[in-house]
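Because the structure is predicted, anything quoted here is derived from the model rather than measured.
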Amino acid sequence: MSACVPARADSARTKHVHPPHSPPPGGPRRFRVAGADVSAAIAVFLIALPLSLGIALATGAPLQAGLVAAAVGGIVAGRIGGCPLQVSGPAAGLTVVTADLIQQYGWRTTCAITVFAGIAQLGLGCLRVARTALAVSPAIVHGMLAGIGVTIAVAQLHIVLGGTPQSSVPDNLIALPAQLANLHPADVAVSVLTLTLLLLWPRLPGRAGDLLGKLPAALIAVGGATAVAALTGLRLPKVDLPSWSSHALASLPEGPVLGLVAAVLTTTLVCSVQSLLGAVAVDKLVAARPALTGRVKRSDLDRELLGQGAANIVSGSLGGLPIAGVAVRSSANVAAGAVSRNSTMLHGVLVVIAALLLVPALELIPLASLAALVMSVGLKMVSLNHIRTVTRHREVLVYAVTTCGVVFLGVLEGVVLGIAVAVGVALHRLTRTRITHDDVEGVHHVHVRGQLTFLAVPRLSRVLHQVPHGADAVVELDGSFMDHAAYETLQDWQKTHTAQGGAVDITGRRPGTRISEPAEVDGCRCRPWTPWRNHQCERPSKAPAPGTDRRAAAGAPTGESPGTTTGPNASGLSGESGVPGAHGAPATTGGTGATDQPRGHELARGISAFHRNTAPLMRRELARLAREGQQPSQLFLTCADSRVVTSMITSSGPGDLFVVRNVGNFVPLPGEESGDDSVAAAIEYAVDVLKVRSITVCGHSGCGAMQALLGADPAGTRTPLQRWLRHGLPSLDRVPADAAEDGRERPRLAGRAPADAAERLCLANVVQQLEHLRAHESVARALGAGDLELQGMYFHVGEAQSYLLSEDTEGGVFELVRETNLTA
């Protein structure tokens, strides 16, 4: 038994003894807040304070209710919620809903409705249905926010002009001419000053602008307008915060039951959807931050619902506004570098301190300034970017109907109307299928645009039967869905048509579109840009006898026999190519008894597949590049090995890389008899004309040039290949037989030693060719000006992994590029 272990674990002597060989336990763990969270909390607090007062003003609630909601949202939702960096509080998206509730039921009943909405959110969170809320069409959400924004802006415009808003948008619009005729100059002046500061403060130029721009524009706008109003002695309505002792709390709801239930459902819907969408947006913002700012867990949406529900219960009970996730404050929190939920909670604590200690200062704020601030927030909710997005996705009708419904009918009515229109549009798209038939040079083209469902089967069957017996036919499917009824119709017609001597080619704009699975023996499974084995494949076929029909030679059934297949692939057409023999049976020379491939067969087959599948997707981008010219960002110099696909391993597209390939990825030294003008010219053109920002030299595993260098015979015949390999001799000198004979570190891979001498030489060759690059005049000049950087790269073919050279270490270490280090 070890001497360090007590003989009796339960003896009184050992009850308070710390573990052996360890320091005594310290005191209770101290609560610490990261510095980044403190600075982020201050930034969010400075934004939340004026906005909370402004939203309370816009709803017609007591101004203190906005502060209560901000504090509870920060502390309760921040502590319990599932999105650590989302800041909750009174949101502009809830302004219209809350204002309607206050006008209809009164403030105390509105607080009770908020409590019941929180209970409903707790129920939804326990049922784990948070993801279901994200199924709402973005066009409906954007339309709802736009409608709320319009309502807010129109209502606050009356306060900006010195008047009082009406209960609805139509009433506000009708009363606007009279309000314009009866302007209050002081209110208008303060509002204009607030809007001017909001607009100009983030755009201050120079270094001073960078420093001052860190202060929130909302705080500067309200603070500046308040200071000017106080110094000039303007007499206008200001914030009035009654004593906390007289603050109104929730009471039992009074009103019709159905109306109260609808109010609770509306509040629950708007609060939940806005909070969940905000949590998803915060995840995207956090993912886009540099990795150095700290890792934050992804949002737990069900827990976020629980947190929002608890916050609404507390806020409603304490006489606060309804709470939801707020986009402006959450974005500021992420941008300020917050790393945990402590920033959100600390911001809530600061709001409590301000509500208790800064009442005299808050009562100096003019109401017109807060109204201008909230009006600007409302206008920003009508996002042009959202409008462009829904236009691109052909959902303008859903967006417009939802917006108008919210403006003229109400939030719940507008959302329900938007959902109805969205469902109608989806059904219309599902049932709207265009089927056309054209005869082009004897080939009958049947083009199907849209989704093929049972509703389109009668039209599809009618058009297919317009194709004459024995004719060549091409069926083009331009859609992403086909139900079983349409599948059976198309397959049955194809079998019948091919049995009658016709040829059928079924194609689709989506790669891989097919009607039936390929045969196990002679099927072709190649698809562009999908996993493949050598990509090119051939289908065994016997030469046709003299006089045999060409369609029979291509595999069309002329009577079933062993090995004969039926279906779309029986005709030798797989949906990938329209040329004879492409991805099907090889073209033959009838009567010779031998199978003879036409010249350029594989090339033509690949080009045909490109024309059919890839070209339609790339044509617009290539047309842009043709107009604008090439503007690559880097020169990529690599080996001519066929296994190194530069665009694939760098996730690049047309126009991104200027590629130079040669055997061994060599960069011959300039100005020598042994130099190479071809490589030198490419380097000069890339650096001086194309203005590339980086040059990458990429070696790879299993390089034949490196193996040839290791086994080269100095006295051998000077063939062109051997003469070219002399450019690798300096690399060979860097790796002597005894790699440590001079005590220097050699280029290596991080985490493991080179697998063999060829890999060691390949790494040294990359480093050596980078030195050769620096000897080129254009490269040296660009490096000196700081306009160019050089990079070394090693690609392991068998592992499909890339390593980048880190020259900070002695000898050069190639570090593995990990997925977690990549940003989209």
Side-chain angles (χ1 to χ4, degrees), residues 434-449 452 456-478 482 485-508 513-519 522-524 539-593 595-596 598 601 604-605 608-609 611-612:
R434 295 181 58 191
I435 305 175
T436 59
H437 170 230
D438 297 311
D439 183 357
V440 181
E441 297 180 356
V443 178
H444 293 261
H445 292 263
V446 177
H447 194 175
V448 181
R449 298 179 180 87
L452 269 180
V457 166
R459 281 179 291 155
L460 175 65
S461 178
R462 182 170 58 254
V463 173
L464 290 177
H465 283 82
Q466 293 177 5
V467 179
H469 298 317
D472 292 344
V474 177
V475 180
E476 303 174 26
L477 304 178
D478 189 1
M482 178 191 304
Y487 171 87
E488 290 287 349
T489 301
L490 195 53
Q491 187 181 50
D492 292 344
W493 173 82
Q494 184 184 32
K495 290 180 179 180
T496 303
H497 191 74
T498 53
Q500 294 172 346
V504 179
D505 183 8
I506 298 179
T507 67
T513 301
R514 65 168 64 246
I515 298 304
S516 62
E517 287 299 317
D522 61 348
C524 172
R539 182 171 301 173
S541 176
K542 297 180 179 180
T548 303
D549 183 79
R550 64 174 182 84
R551 297 184 185 89
T558 57
E560 301 293 339
S561 62
T564 301
T565 60
T566 60
N569 288 316
S571 62
L573 298 168
S574 66
E576 289 298 330
S577 178
V579 296
H583 287 283
T588 59
T589 56
T592 64
T595 300
D596 193 12
H601 174 73
R605 185 170 60 185
S608 177
H611 286 167
R612 183 176 301 279

In Å, rounded to the nearest 0.5 Å, how long is the span from [atom1] of [X] to [atom2] of [Y]?
| X | Y | atom1 | atom2 | value |
| --- | --- | --- | --- | --- |
| I435 | Q466 | CD1 | CD | 10.5 Å |
| H445 | H437 | NE2 | NE2 | 9.0 Å |
| L490 | L464 | CG | CG | 6.0 Å |
| D439 | H444 | CG | NE2 | 4.0 Å |
| I506 | Q491 | CD1 | CD | 8.5 Å |

Using a distance-only test with no angle check, is there a side-chain donor-acceptor pair under 3.5 angstrom linking H469 and H497? no

Taking the side chain from S461 and the backbone from P458, do they hold a donor-acceptor pair closer than 3.5 Å? no

Mark yes or no for whether T489, through its side chain, and A485, through its backbone, hold a donor-acceptor pair below 3.5 Å. yes

Would a 4.5 Å heavy-atom cut-off, applied to side chains only, mark [X] and [Y] as touching?
| X | Y | result |
| --- | --- | --- |
| D478 | V448 | no |
| R449 | T436 | yes |
| L452 | L460 | yes |
| W493 | V467 | yes |

Tell me, yes or no, whether the heavy-atom count around R434 atom CZ, taken from other residues, nucleotides or ligands under 6.0 Å, exceeds 12. no

